[in-house]
There are 2 protein chains.
Amino acid sequence: MAATILVVEDDPDLAQIVRYNLEAEGFAVTTLSDGAAADTLVGAIRPDLVLLDLMLPNVSGLELCRRWRQRPELLDMRIIMVTAKSDTGDRVAGLETGADDYVPKPFSVPELVARVKAQLRRAQPDLPRGRVVAGDIELDPASHRVRRGGRELHLGPTEFRMLEHFLANLGRVVSRHQLIAGVWPRRPDIDARTVDVHVGRLRKALNAGRTQDPIQTVRGIGYRMDPVPPK
Amino acid sequence: MAATILVVEDDPDLAQIVRYNLEAEGFAVTTLSDGAAADTLVGAIRPDLVLLDLMLPNVSGLELCRRWRQRPELLDMRIIMVTAKSDTGDRVAGLETGADDYVPKPFSVPELVARVKAQLRRAQPDLPRGRVVAGDIELDPASHRVRRGGRELHLGPTEFRMLEHFLANLGRVVSRHQLIAGVWPRRPDIDARTVDVHVGRLRKALNAGRTQDPIQTVRGIGYRMDPVPPK
DNA sequence: CAGTCCAGTGACAGTTTCGTCACGGTTTTA
DNA sequence: TAAAACCGTGACGAAACTGTCACTGGACTG
């Protein structure tokens, strides 16, 4: 699944170059030239990472960074500041305001890409990179297979994604809202009852012929998945 | 709790400067001059972050980074590469090998510190509420779980909130009025007898099969919770 | 000691949350 | 193209939770 990147850059040529190169790496890129527009749309776009020019026409990148870091729903979003200002004080100020990295202009595109990837490597550890085993449940993304107790199960795409999300948050309670964001990243309008229905479908598939359900309902909060020991 | 930083640097003067400045920021710093020693000891030290010189006498920083990234127990450890080599290719190679950041020598110490902090901000997010242990009772908000003596208890939402409140005021007497404000923040009209009923429900859940009640009634004042030592 | 106050408790009706079913629409497969 | 698979949602009922009341026993006081 492609990470989404928002490029906030008022130089249209540079924005284009960056966009082209990041899309060539498989990222989904949105460019905005205007800091105010970025401020308005960031909550809706919910990018995984923002490349944020420090010098913007109507609101500075530093101010945007400061605002965004105070929004709980944007805490996981990485921010790389990009600027022609090479003063150390600005770098330190940017990093202290909450930027995850700071890249001076002019930069080499390969280095920018490498830094983007380094940030996203950390930002998306939740997606299992390889086979995951939790108790008697085993998920292998490479073969898109799920087994319980050694027996292969059939899951639809949505239930597969949901299981991935639960396994990535094993032992932790996950709210319906979080499940919506994680399983339906492009559909924030999904109804909470829909989550429950899909949890039910996942339970049905996982638990066929078994008495132990690894997914517990935490009333008023959400769901939690625990490993069930193999028999 | 102070984050631990391992500095792997063969220039003793530079190591000293870095150590001094990081310790002034409150970090616990270990310095090693030798890559082989670092490789041997990193698993035991388990630093939160390594400042890794690329050019080391007997094994390169790049090779160390590659090795460490393959050890699951070290995945959370941040790696910042530091080197006089300013070639972009090396930066990209370092970042792709698994470094989280790359700082060229000569660097400014404030910037290095800011980058260290930016990495640790991500590595150790300040959770507003963490796991609480009081005597034989353990509450974990992340998993929304309560255990007594290692055994998981089921609490309803109101009783969970009440326990949180008691644990946040451990050893102190809490009035019914305070409990109403803390457990029912949107219902100031809650009856005081209701508090008593819920305290009774919490006691029932906590104390099943036990003789010691961690919650004491302070007549005419309220309730106080004390840790009960594990058996 | 009797009277009063306070807190514990069982029970109940009402409210809230979640599980499930069924359906119509969309997408995928053969 | 038709059939199968998948999907999201509205409706309904089951299950869990909730706040209060009435009663009672224990603690406190004069």
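Computed from a predicted structure; not experimentally measured. Quick note: numbers below take in every heavy atom, side chains included, and nothing from hydrogens, waters or symmetry partners.
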Nearest heavy atoms of B:G171 and B:D226, plus distance in Å | CA-OD1, 3.4 Å
Sequence-aligned protein contact record of nucleotides 18-30 of chain C, with B where the base is within under 4.0 Å of a protein heavy atom and S where only the sugar-phosphate is | BBBBB--------
Whole angstrom is fine here: how far is it from CG in B:D213 over to C1' in C:dT9?
-> 15 Å
Note, A:Y102 side chain near A:V92 side chain (heavy atom, < 4.5 Å) | no
Quick one: label B:T194 by what it contacts on the DNA or RNA (base, sugar-phosphate, nothing), any heavy atom closer than 4.0 Å.
-> base
Run through B:R219, B:R176, B:R201 and flag the one making a salt bridge (charged side-chain N to carboxylate O under 4.0 Å, His left out) with B:D196.
-> B:R176
Hey, are the side chains of A:F27 and A:D48 touching, using non-hydrogen atoms and a 4.5 Å cut-off?
-> no
Determine, for A:R78 against A:D101, whether the closest basic-nitrogen to carboxylate-oxygen distance falls under 4.0 angstrom.
-> no
Test item: side-chain donor near acceptor, B:T217 and B:R203, under 3.5 Å = yes
Going 5' to 3' on DNA chain D, which nucleotide is the first and which the last to come under 4.0 Å of a heavy atom in chain B?
-> D:dC17 to D:dC28
Interatomic distance where CZ belongs to B:R187 and C1' belongs to C:dG14 [whole Å] = 12 Å
Nearest whole angstrom, please: distance from the P of C:dT9 to the CG of B:L202.
-> 13 Å
Identify the heavy atoms of A:D100 and A:R69 that sit nearest to each other, and give their distance.
-> OD2-NH2, 3.0 Å
For the student: nearest non-hydrogen atoms of A:G98 and A:C65, plus distance | C-SG, 3.9 Å
